[in-house]
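Here's the structure we're looking at; comments come further down.
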Amino acid sequence: MNAGMFFRSVFVLTAVTMVANGLWMLGDAFHWFRVLPVALEDTGSPNGHFIRDVGVVYLLMGGALAWVMQRPAERRAVFVLVALFMVLHALEHVAEILLGAMPPTRLLLDLPLVLAPGLLFGAFMHPAAWRRLLAP
């Protein structure tokens, strides 16, 4: 698999995951809160309105990433916005841990769904990575 195919595969998987997560959050906020395997109860009681608000963001970001993939050469600015959301979301999680609002054990829980995607998409913003995405 060449670099361009790898990037596109990651983008498609991420877009589908973000859209599915957003729909789940909108469709059944409290179920999402209870069964997502990342100990969300550590963050406090569920707030259905807030969960649905964030679900809208995930739905939009996933849809935007899917839109970018149709014509990536022309839509880099939209990609950067999606990537910045993911990077800033990851940084916010790290800040909560560093400030003591969350225990350090959260790093392991946040790694697969928040921190790793934030790091990966942060790297994808680099112009050299973007050129590889556009490679045939």
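Hydrogens, waters and symmetry mates play no part in the numbers below; they use all other heavy atoms, side chains included. Note that the structure is a prediction, hence the values are computed from the model and not measured. In what follows, residues are counted from 1 in the order of the sequence shown.
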- Note on the structure: Rounded to the nearest 0.5 Å, the CG atom of L113 sits from the CG atom of L36 at a distance of 6.5 Å

- Considering all heavy atoms of both residues, which atom of A129 and which atom of A123 are nearest to each other, and what is their separation? CB-O, 3.5 Å

- If two hydrophobic side chains count as joined below 4.5 Å and joins carry through other members, does L109 share a cluster with I97? no

- Query: Looking at R76 and P127, what are the two nearest heavy atoms and their distance?
  - Reply: NH2-N, 3.9 Å

- Item | Step-by-step ring-ring contact (aromatic ring centres under 6.0 Å, His included) determination, F79 to W130 | CA-CA 10 Å; F79 167 76; W130 191 255; 4.9 Å; yes

- Task: Given side-chain contact (heavy atoms from CB on, under 4.5 Å), test N2 with F7 step by step and report yes or no.
- Result: CA-CA 9 Å; N2 69 28; F7 287 128; over 6 Å; no

- Query: Does a sphere of radius 6.0 Å around CZ in F30 hold more than 12 heavy atoms from other residues, nucleotides or ligands, not counting ones at 6.0 Å or beyond?
  - Reply: yes

- Message: Membership question, hydrophobic clusters at under 4.5 Å side-chain separation (ILVMFWY): are V57 and W24 in the same one?
- Response: yes

- Query: Once you round to the nearest 0.5 Å, how far does CG of L98 lie from CD of E96?
  - Reply: 10.5 Å

- Query: Which distance, rounded to the nearest 0.5 Å, do you find between the CG of L91 and the CE of M86?
  - Reply: 12.5 Å

- Query: Nearest heavy-atom pair of R106 and L40: which atoms, and what distance?
  - Reply: NH1-N, 4.4 Å

- Task: Looking only at non-hydrogen atoms, find the nearest pair between P112 and P117 and report the distance.
- Result: O-CD, 3.5 Å

- Could you give me the CA-CA distance, side-chain angles and deciding distance for V19 and M61, then say whether side-chain contact (heavy atoms from CB on, under 4.5 Å) is met? CA-CA 8 Å; V19 167; M61 292 293 119; over 6 Å; no

- Query: Under a 4.5 Å cut-off applied to non-hydrogen side-chain atoms, are V87 and M125 in contact?
  - Reply: yes

- Can you tell if the side chain of M18 reaches within under 4.5 Å of the side chain of F85, non-hydrogen atoms only? yes

- Task: Indicate the atoms forming the closest heavy-atom contact of A64 with V82, along with that distance.
- Result: CB-CG2, 3.8 Å

- Message: Between F33 and F50, is the ring centroid distance below 6.0 Å?
- Response: no

- Can you hop from V114 to V16 via hydrophobic side chains spaced under 4.5 Å? no

- In short, L133 meets P72 closest at the heavy-atom pair CD2-CB, 4.0 Å

- First locate atom CZ of F11, then atom CZ of F121, and finally report the distance between them rounded to the nearest 0.5 Å. 5.0 Å

- Task: Could you check F124 against L119 for side-chain contact (heavy atoms from CB on, under 4.5 Å), going step by step and ending with a plain yes or no?
- Result: CA-CA 9 Å; F124 288 164; L119 286 170; over 6 Å; no

- Message: Do L60 and V54 sit in one hydrophobic cluster, given that two such residues count as connected whenever their side-chain heavy atoms are within less than 4.5 Å of each other, even indirectly?
- Response: no

- Task: Would you give the length of the straight line joining atom CE of M102 to atom NE2 of H93, rounded to the nearest 0.5 angstrom?
- Result: 8.5 Å

- Message: Just so I know, are the side chains of N47 and I51 near enough to count as touching, which here means a heavy-atom distance under 4.5 Å?
- Response: no

- Enter the distance from L84:CG to H89:NE2 here, rounded to the nearest 0.5 Å. 14.0 Å

- Query: Side-chain heavy atoms under 4.5 angstrom apart, residues restricted to Ile, Leu, Val, Met, Phe, Trp, Tyr: same cluster for V78 and L88?
  - Reply: yes

- Decide side-chain contact (heavy atoms from CB on, under 4.5 Å) for R75 and Q70; before the verdict, give the C-alpha distance in whole Å, the side-chain angles of both, and the deciding distance to 0.1 Å. CA-CA 9 Å; R75 299 176 177 166; Q70 294 172 17; 3.6 Å; yes

